[in-house]
Structure formats: structure tokens, C-alpha cells
Amino acid sequence: MNAKSTIFAVSSGAPPAAIGVIRVSGPEAAGTVEALCGKLPEPRRAILARLSDASGALLDEALVLWFPGPGTATGEDLAEFHCHGGRAVLAAVERALGALPGLRPAEAGEFTRRAFANGRIDLAEAEGLADLLAAETELQRSAAISNASGALSRRVEDWRDRLLELSAQIEAALDFSDEEDAVDVLESFTWNISALTDEIRDWLNRPRSERLGEGFRIVLAGPPNSGKSTLFNILVESEAAITSPIAGTTRDVIERSVAIAGVPFTFVDTAGLREIGADEIEGIGIERARGQLGRADLVLWLGEEAQGPDGAWEIAPRADAPDFAPKATARHRLSAETGEGLAELKQDIVAHARARLPKPGEAALNARQHARLTEAADALSAAVSMSDLLLVGEELRLARLAFDRLIGRATTEDMLDALFGRFCIGK
């Protein structure tokens with residue numbers, strides 16, 4: 001990947017559309033505008049221009065914008081052509097761009113990667129942007145936009161600045177051999193570093209962003225013919241699971257991801273749990289069902305009262321049936337036939353999930369960020385327990401390195417390739 005080359009791509013939605021935006025970024029951006037429309041507009045002012053290829057053939061009439069670097073989205077010269085959004089129009093403009101010297105099509109995520117390389121965004125903001133592009137629910141959007149706008153990055157920069165001040169105190173103390181000076185430094189240091197560590201631990205205790213991507217996981221469990229598949233179909237609003245009065249109809253795990261009131265869920269229907277009477281295939285399904293119980297954020301237990309796993313919600317299904325068996329501790333009493341209790345169940349699981357997922361607008365850590373903050377917190381905790389200033393200084397250095405890795409001051413090309421590969425062409 002040549003960072004000095006000029007890249008181009010359609011940066012709007014897939015055609016056909018009313019408008020198709022083609023973005024150009026790199027040192028030849030200004031020359032590209034002049035080549036296609038014959039003149040360079042004033043910076044950051046849109047003009048209506050006729051776009052022509054090298055032979056003079058008219059390509060389209062479009063709005064053209066020119067943004068000189070470094071104060072642009074990518075940190076370099078940038079141009080945009082707001083064309084009519086038909087496939088043929090955009091293809092024709094892209095062919096004309098590809099014929100110009102020094103231009104090439106952009107790779108996936110290359111515009112954002114250049115923004116990172118040129119210091120326009122840091123790594124945590126880039127990860128937030130990737131999550132924002134993939135967001136499908138309001139909670140996902142809200143958490144992603146918080147990270148993309150730099151909420152986590154600003155917090156890490158504050159921690160890093162405070163850590164640098166503490167490191168300076170340790171370095172100054174090392175210039176003196178008087179043990180009393182070292183004791184004075186350590187007393188002040190211990191209080192300040194403990195406060196910093198507590199703040200980081202508070203962030204580590206927050207719900208993780210993966211919960212938003214995977215959805216709050218709810219497993220429906222119970223014996224055969226307890227109504228699991230019927231309730232599952234109601235919750236996911238589709239006939240995803242086969243329902244039948246024949247015991248053992250569900251023989252494998254069925255998962256569906258849906259959003260209810262803006263909250264992402266993954267509902268899991270499982271084979272009926274029973275000790276005897278199952279054939280070999282159903283037995284495999286039962287083992288898989290038991291495995292799902294350990295992965296669940298919440299289990300809805302439709303079987304005999306008090307026979308479900310710890311923490312499961314007792315559900316009393318088929319409230320309309322003549323042989324309905326009520327539960328003394330039922331959290332919800334349901335009837336698929338009459339609709340009794342279904343709205344209340346949905347409201348309850350939404351409230352329960354909201355309390356355990358990142359709050360709206362609250363930045364959430366992903367697995368990589370959580371690992372780096374854990375490294376920083378562990379190093380700071382170790383520093384507090386030490387009396388040797390050299391060892392203390394080394395632990396502070398390790399904590400700073402963890403902060404640098406989190407926001408991208410120190411990172412690897414493989415990790416960057418994986419991150420920016422998540423983006424689409426044109427972003």
C-alpha cells in the first residue's frame with residue numbers, strides 16, 4: 001500500500017441512488033479536479049461543474065468540492081464529486097479517474113487508515129468508527145459514536161498526562177540518593193497512583209462493547225413440549241423453530257438475533273432437556289442445550305419449578321391450557337394463544353438487558369482496549385507495592401506503553417490491517 005499515491009472510491013451507498021459521492025484523497029487531488037472539470041473551486045465551496053474524461057466526453061454534471069490538507073478527514077488534499085447516483089454514471093467517472101496518472105482505486109478502509117496515519121484520529125476512535133458503521137441498534141450506535149468522537153481517547157490521554165507527572169516525580173527522586181526523599185515521594189505517589197488505578201478499574205468494570213455486538217443472550221430451556229419453540233418464535237417474530245406436540249421436535253440449537261426497543265438480543269431455542277427417552281440425535285441436541293446454559297446472560301426456564309439453573313427466570317407457559325400448572329415463584333405467566341403476559345415479558349427483558357449493557361452514550365471497551373487497560377492497571381498496582389524507585393519507574397513505563405498501545409501510538413501493522421479491513425471500500 002503506497003501512502004503517497006492518490007486514491008479514489010465511491011464513498012456513498014451502493015448505487016443506484018439519488019446521489020453518488022466519489023472521494024479522492026492524496027497529492028494529486030487538486031490536479032484530478034482540474035482534469036475532470038477544468039478548474040479548481042475555492043476551498044470548501046461547492047460548485048456545479050461538467051465532468052469530462054481525457055477525450056472531452058461528458059461524464060456527468062456534478063457538485064465538486066475541494067479541501068486542501070492537512071485540515072481534512074484524511075489529513076491530506078481531498079476532493080469530492082457529488083454525481084448522479086446511477087451505476088453507469090459512477091462507473092464512467094471511476095474509469096476516468098483510473099486513467100489519470102498517479103491515481104488508483106482505494107482499498108478497504110484506506111481513507112480511514114490515512115486519517116489515522118496522519119493523526120486525524122487515533123486507534124480507539126477508528127475502532128469506534130468501525131463499530132458505528134456496523135451498528136444495527138440504537139444502543140450500538142450510541143456507544144459507537146461515543147468512542148468515535150473520542151470519549152475514551154480523551155480519558156486515556158488524561159490518565160497518560162497524570163502518569164507522566166508521576167513518572168517525573170520518580171525520575172527526580174532517582175537523582176538523589178537520600179532515602180528520606182524517596183520516602184516522601186512514595187507517600188505522595190501512593191495516594192495519586194491509587195486514585196488513578198481506581199478510575200481505570202471503574203472503566204474495566206463497565207459492560208463490554210462485545211455484548212452490544214453479540215446481543216444480550218437469552219436461552220429458552222426446559223423439558224420437551226414445554227412451549228420453548230412457541231415462545232421463541234413469538235420473541236423473534238418469525239417461524240424460525242418448528243413447533244409440534246411430538247416430544248423432541250427441537251433437536252439442535254437455534255439462534256436468532258433481533259432488536260426489541262432498540263436493544264440487541266440473541267435468543268436461543270434448545271432441545272428439550274430429559275434424562276430418558278431420547279434417541280442418539282436428540283441426545284446430541286440435549287448436550288448442546290446444556291452447553292448453552294453456561295453461555296447465557298439469562299435463562300428463561302419453562303420446566304418444572306426450581307429445576308432450572310441458578311438465576312433462571314421461572315416462566316409459567318400455556319396459561320390458557322386446561323392442565324396449566326401454575327408456579328409459585330413464576331416471574332411471568334404466559335399464553336401464546338391469548339397473548340397473556342407476552343408484552344410484560346418483553347418489557348421485563350428489555351429493562352433487564354439495559355441494566356447490564358453499556359448505557360446510551362457511554363463509551364464501551366472492546367476486548368483489545370480492555371486488555372490494554374488491564375495491563376495498565378496491573379502495572380500501576382504493582383508500582384504501589386514497591387519501594388525500589390527503579391522498579392517503580394519501570395512499572396510506570398509499562399503502564400504508559402499500555403496507554404500508547406490502546407490509542408495507537410505503539411501498534412503493529414497486522415493489527416491495523418485487521419482493523420481497517422473491517423471497513424468498506426470508500427471509507
Side-chain angles (χ1 to χ4, degrees), residues 1-121 126 129-130 132-134 148 413 416-417 419-427:
M1 184 185 299
N2 182 5
K4 298 298 184 181
S5 59
T6 299
I7 57 175
F8 66 88
V10 176
S11 295
S12 52
I19 300 294
V21 179
I22 296 179
R23 177 182 287 178
V24 180
S25 182
E28 300 299 326
T32 299
V33 174
E34 292 175 334
L36 264 64
C37 63
K39 58 183 177 181
L40 189 67
E42 294 182 34
R44 294 173 174 79
R45 293 192 64 180
I47 64 168
L48 183 64
R50 293 163 65 87
L51 306 184
S52 302
D53 63 15
S55 68
L58 180 65
L59 301 171
D60 192 23
E61 192 170 34
L63 287 177
V64 180
L65 294 102
W66 153 242
F67 306 92
T72 66
T74 59
E76 55 192 15
D77 289 352
L78 188 72
E80 289 183 353
F81 301 94
H82 293 232
C83 308
H84 292 93
R87 292 188 180 89
V89 173
L90 296 177
V93 176
E94 286 189 294
R95 280 196 301 273
L97 291 172
L100 296 175
L103 269 69
R104 64 169 175 82
E107 298 178 10
E110 192 169 1
F111 288 98
T112 308
R113 185 161 186 164
R114 290 192 176 196
F116 168 74
N118 292 323
R120 299 298 295 175
I121 60 174
L129 182 56
L132 183 61
L133 295 174
E413 285 299 312
L416 294 178
D417 289 343
L419 168 61
F420 293 111
R422 293 172 55 192
F423 288 81
C424 59
I425 301 292
K427 188 58 182 174

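We use all heavy atoms of the structure for the numbers below, so side chains are in, but hydrogens, waters and symmetry mates are not. Along the sequence shown, the residues carry numbers beginning at 1.
The OG1 atom of Thr6 sits 11.0 Å away from atom NZ of Lys4, with the distance rounded to the nearest 0.5 Å. Note that the CD1 atom of Ile7 and the CZ atom of Arg113 stand 11.5 Å from one another [nearest 0.5 Å]. With values rounded to the nearest 0.5 angstrom, Asn118 atom CG is found 7.5 Å from Thr72 atom OG1.
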What pairs of donor and acceptor atoms, side-chain ones from residues 57-67 against any protein atom, are under 3.5 angstrom apart with sequence neighbours left out?
unit_1	atom_1	unit_2	atom_2	d
Asp60	OD1	His84	ND1	2.8
Asp60	OD2	His84	N	2.9
Asp60	OD2	His84	ND1	3.4

Only distances under 3.5 Å count here; give the side-chain donor-acceptor pairs of residues 39-51 to other protein atoms, sequence neighbours excluded, each with its distance to 0.1 Å.
unit_1	atom_1	unit_2	atom_2	d
Arg44	NH2	Gly71	O	2.6

Which atom pairs, one a donor and one an acceptor, fall under 3.5 Å between side chains of residues 91-103 and the rest of the protein, sequence neighbours left out?
none

Name every donor-acceptor pair, under 3.5 Å, that has one atom in a side chain of residues 17-31 and the other anywhere in the protein, sequence neighbours excluded.
unit_1	atom_1	unit_2	atom_2	d
Ser25	OG	Thr74	OG1	2.9
Ser25	OG	Glu76	OE2	2.7

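Asp53 pairs by the side-chain hydrogen bond (donor to acceptor under 3.5 Å, both in side chains) definition with Ser55, not counting sequence neighbours.
A donor-acceptor pair under 3.5 Å is formed between the side chain of Arg87 and the backbone N or O of Pro15.
Scanning both residues, Cys83 and Val89, for their nearest heavy atoms gives CB-CG1, 4.2 Å.
Listed by first then second residue, pairs satisfying salt bridge (Lys or Arg N to Asp or Glu O under 4.0 Å) with a partner in residues 10-20 number zero, not counting sequence neighbours.
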